[in-house]
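Quick notes on the structure that follows.
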Amino acid sequence: MKQFGLSSKERIKNKKYFDLIYSRGEVLFSSSNRLKAICFIDRNPDNIGIKTAFAVSKKSGSAVWRNRIKRLLRESFRLNKSNLTELVYEEKVLLFIVFSPNTINQEFNKNISLVEMMPDVLDLLNRIRKIL
RNA sequence: GGUUCGUGUUAGGCAGUUGCUUCCCGAAUUAUCGGGAGGAGGAAAGUCCGAACUCCGCAGAACAAGGUGCCGGGUAACACCCGGGGACUUAAUUGCGCAAGUAUUAAGUCACGGAGAGUGCCACAGAAAACAUACCGUCCCAACUUAAAUUGGGAUAAGGGUGAAAAGGCGAGGUAAGAGCUCACCGCUUCGAUGGUAACAUCGAGGGUUCCGAAGGGAAUCCCGCUUAGCGGGACGAGGCAAACCCCACCUGGUGCAAGGUCAAGCAAAAGGAUCUCGAGAAAUCGGGACAAGGUUGUUCGCCUUGAUUAUCUGUUUAAUCAGAUUAAUCUUUUGGGUAGACCGCUAGAUUCCGGGAGUAAUUCCGGAACAAGAUAAAUAACUGCUGUCUGGAAUUAAUCCGGAUUACAGAAUUCGGCUUAUUGACACGAACUUUCU
RNA sequence: UGCCCCGUGGUGUAAUUGGCAACACGUCUGACUCUGGAUCAGAAGAGUUUAGGUUCGACCCCUAACGGGGCAG
């Protein structure tokens, strides 16, 4: 397993999981209210690890902008996930997270950079650690 | 030199680190790791047209429905492209002409068949809005009567007024007043000749007549053409709307990769079975082997016992137990269809560039070279450095130093050809305007 | 990805051979009442999503764009 990698095994790809997460998951907001994360913890799992997805609503912007937001979210999660991974292996749980923008949209945040995005993601990851 | 517009080209380059994804090679052979090669646009967009491909349907023809609409060419095809024609708008030529109109040049626009097959509509205003009509007016006659005015009977589409639109325009003659009533010119239209594949253009000749009928129409006269005892066509044929119905000509079967195909958990259904298999036998059943569970044993082999479970019913029995029924459920086997899911379809073709030939051009033929993403909760990204380009400041002849920007529109989803829409900077070409110099 | 439908005052709906954009609720003002509600009287508020075209004339017909909704697993 690569340290900073994010392969297809660590992503949510099944519709069943999305239904589970959106119906029973817990919604968290970052302190600046720009991002939100929906997470669900499976206490008796088959596999141990983290599974993530990055969802952007179709109403918030054009296809280019949505792709860019997803890439930036993925990038910032990928570089900062190591702490959380250790904790998850200690607790022996399966953690699902779906990241989404909350108040960001194309009108006001046309060209957002990675530096602006990173603190919000870190904030969210800290909140998730507290739940565990 | 600057500004604006149009057309075309192009979407900075190199290196490093981290990461995603497709294919190939190697190690492992489930997972994964290492190396190599590749990884978004001019519009990938809108989904407005046209095709390829797919399955379904289909003897043939017609109707319905939908589409296209000047002519010719290109193309796999087209609502596309190229060339030609025509119409309209604006400007200029202080063009020609008394005027109406018309010629040439430049720029732009055109969904540009048919209103002479039929039906329908044309509000308000106006006398009248479609087989026309007399409101005001003009003129004549009659009455009262000298005249004017008034009333009645006629003639008249020149003038006024209404309207988007009132049955060619203008000038002259003509007349009681008028009128294509007559004439010149222009327009319109018919026929012919010439040019052109054709749309069409140029030239020439003719065309506004009279009588009958309510009308369709008929007759005469004149003109033109022909196959010439005759036949056919025409004589201003009388508004607009077909992006109203419609007529004419041509085109189209439907469906869309979530098409379609292969494999196939689960659930449901159907048919069996009660561990499987071999042998004997008509069958009940018997025997051997394997398998599973339990017992024996420190362990293995071996040996022994049993052949899934629960409920119900029947028989036996005091009861349990045991035996049977195969009744129900569970379990299990098979079957066809087939969901989740996986795979195929899936990326190498009506491709691009260069040279030569054909063609005014679109395009096409020949030769050579190059390239060619295939994801599926959906990859193609992030950061750093150098450099190119643009730009601000210091400086200003250049070099140099410090700093900033690198952007717009926008992200493949079966694949092509177009159209439409969005859009920044740079470069090239062309046009218009303006400034300076010669 | 493919297909289909819609767009009219603040809100919900009308307006069809193409001829003045209508109604209800809401809003505002006045009357009634000690005050409010109810009731009565009156007023304002659109130029029909946008841009072109056809037509004398367009909510209506045609073309393009923009926005919204739905269907197909």
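Source: prediction; values computed, not measured. The chains referred to below are lettered A, B, ... by the order of the sequence lines, with proteins before strands, and numbering in each begins at 1. Because only heavy atoms are used, hydrogens play no part in the values below, and waters and symmetry mates are left out as well, while side chains stay in.
In this structure, the side chains of A:Val56 and A:Phe54 stay at 4.5 Å or more apart for every pair of heavy atoms.
Between the side chain of A:Asp123 and the main chain of A:Ser31, a donor-acceptor pair closer than 3.5 Å is present.
Here CG of A:Asn80 is found 9.5 Å from CG of A:Asn126. Values are rounded to the nearest 0.5 Å. To the nearest 0.5 angstrom, A:Glu75 atom CD is 4.0 Å from A:Arg78 atom CZ.
For the C1' atoms, the distance linking B:C354 with B:C78 amounts to 31 Å, nearest Å. B:A426 and B:U407 have their P atoms separated by 15 Å, given to the nearest Å. Between the P atoms of B:A215 and B:U146, the separation comes to 46 Å (whole Å). Annotation: B:A362 and B:U255 have their C1' atoms spaced 35 Å apart (nearest Å). Nucleotides B:G417 and B:U351 have their C1' atoms positioned 12 Å apart, rounded to a whole Å. For B:G41 and B:G12, the P atoms lie 10 Å apart once the distance is rounded to whole Å. The gap from the C1' atom of B:G204 to that of B:A198 amounts to 24 Å, rounded to the nearest Å. For the P atoms, the distance linking B:G338 with B:A259 amounts to 14 Å, nearest Å.
At the phosphate of B:A379, neither OP1 nor OP2 sits under 4.0 Å from any side-chain N or O atom of A:Arg71.
B:C409 atom P lies 16 Å from atom CG of A:Asn67, rounded to whole Å. If you measure from atom CD of A:Glu75 to atom C1' of B:U18, you get 7 Å, rounded to the nearest angstrom. Atom CZ in A:Phe54 sits about 13 Å away from atom P in B:C20, given to the nearest Å. Between A:Phe77 atom CZ and B:A381 atom C1' there is a gap of 17 Å when expressed in whole angstrom units. Rounded to whole Å, atom P of B:A408 lies 15 Å from atom CH2 of A:Trp65. The separation between A:Asn80 atom CG and B:G19 atom C1' is 14 Å, rounded to whole Å. In this structure, A:Arg66 atom CZ and B:A379 atom P are separated by 12 Å, rounded to whole Å. Atom pair A:Arg78:CZ and B:C383:P shows a separation of 12 Å (rounding to whole Å applied).
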Which atoms of nucleotides 42-47 of chain B (N or O only) lie under 3.5 Å from a protein N or O atom, and what are those distances?
none

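B:G195 and B:C200 make up a base pair, with Watson-Crick or G-U wobble contacts both under 3.5 Å. Summarising the base pairing, B:A283 is matched to no nucleotide, lacking a Watson-Crick or G-U wobble pair whose two defining distances lie under 3.5 Å. Shown here, B:A271 forms a base pair with B:U333; the pair counts as Watson-Crick or G-U wobble because both key distances fall under 3.5 Å. Across every strand in view, B:G39 sits in a pair with B:C20 that passes the Watson-Crick or G-U test at under 3.5 angstrom. The partner of B:U262 is B:A342, by the rule that a Watson-Crick or G-U pair needs both atom distances under 3.5 Å. Within the shown strands, nothing qualifies as a pairing partner of B:G298 under the Watson-Crick or G-U definition with both distances less than 3.5 Å. If you check B:G50 for Watson-Crick or wobble pairing at under 3.5 angstrom, you find it paired to B:C416. Across all strands shown, B:G95 is found opposite B:U102 as a Watson-Crick or G-U wobble partner, with both distances under 3.5 Å.
For the pair A:Leu79 and A:Lys70, both in contact range of RNA chain B, the more 5′-proximal nearest nucleotide belongs to A:Leu79.
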Quick one: do A:Lys70 and A:Asn67 satisfy side-chain contact (heavy atoms from CB on, under 4.5 Å)? Show the steps, please. CA-CA 5 Å; A:Lys70 281 201 274 186; A:Asn67 273 337; 4.1 Å; yes

Go through it in stages, so that I can follow the logic: the residues are A:Lys81 and A:Thr52, the test is side-chain contact (heavy atoms from CB on, under 4.5 Å), and I'd like the CA-CA distance, side-chain angles, deciding distance and then a yes or no. CA-CA 11 Å; A:Lys81 68 170 184 172; A:Thr52 51; over 6 Å; no

Test A:Ile38 against A:Ser100 for side-chain contact (heavy atoms from CB on, under 4.5 Å), laying out the working first. CA-CA 8 Å; A:Ile38 305 169; A:Ser100 289; 5.6 Å; no

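Under the side chain to side chain contact (heavy atoms under 4.5 Å, CB included) criterion, A:Leu84 pairs with A:Ile50, A:Leu95, A:Ile97, A:Leu125, A:Ile128, A:Arg129, A:Leu132, sequence neighbours left out.
For A:Leu72, whose side chain is taken as the heavy atoms from C-beta onward, the closest listed nucleotide among B:U380, B:U18, B:A382 is B:A382.
Here the closest non-hydrogen pair linking A:Ala55 and A:Pro101 is O-CD, 3.4 Å.
Using a 90° window around 0 for the glycosidic torsion, B:G294 falls outside it and is classed as anti. Base orientation at B:G180 is syn, since its O4'-C1' glycosidic dihedral falls within 90° of 0. A syn orientation is assigned to B:G42, its glycosidic angle lying within 90° of 0.
When A:Leu122, A:Val121, A:Leu35, A:Leu124 are each tested for a side-chain contact (heavy atoms from CB on, under 4.5 Å) with A:Ser76, only one passes: A:Val121.
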Quick one: the dot-bracket string of RNA chain C, using Watson-Crick and G-U wobble pairs with both distances under 3.5 Å, [ ] for crossing pairs and | for bases paired to another strand. (((((((..((((.....[..)))).(((((.......))))).....(((((..]....)))))))))))).

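Cluster annotation: A:Leu72 is not connected to A:Val64 through the hydrophobic network of ILVMFWY side chains, with a link wherever side-chain heavy atoms come within less than 4.5 Å.
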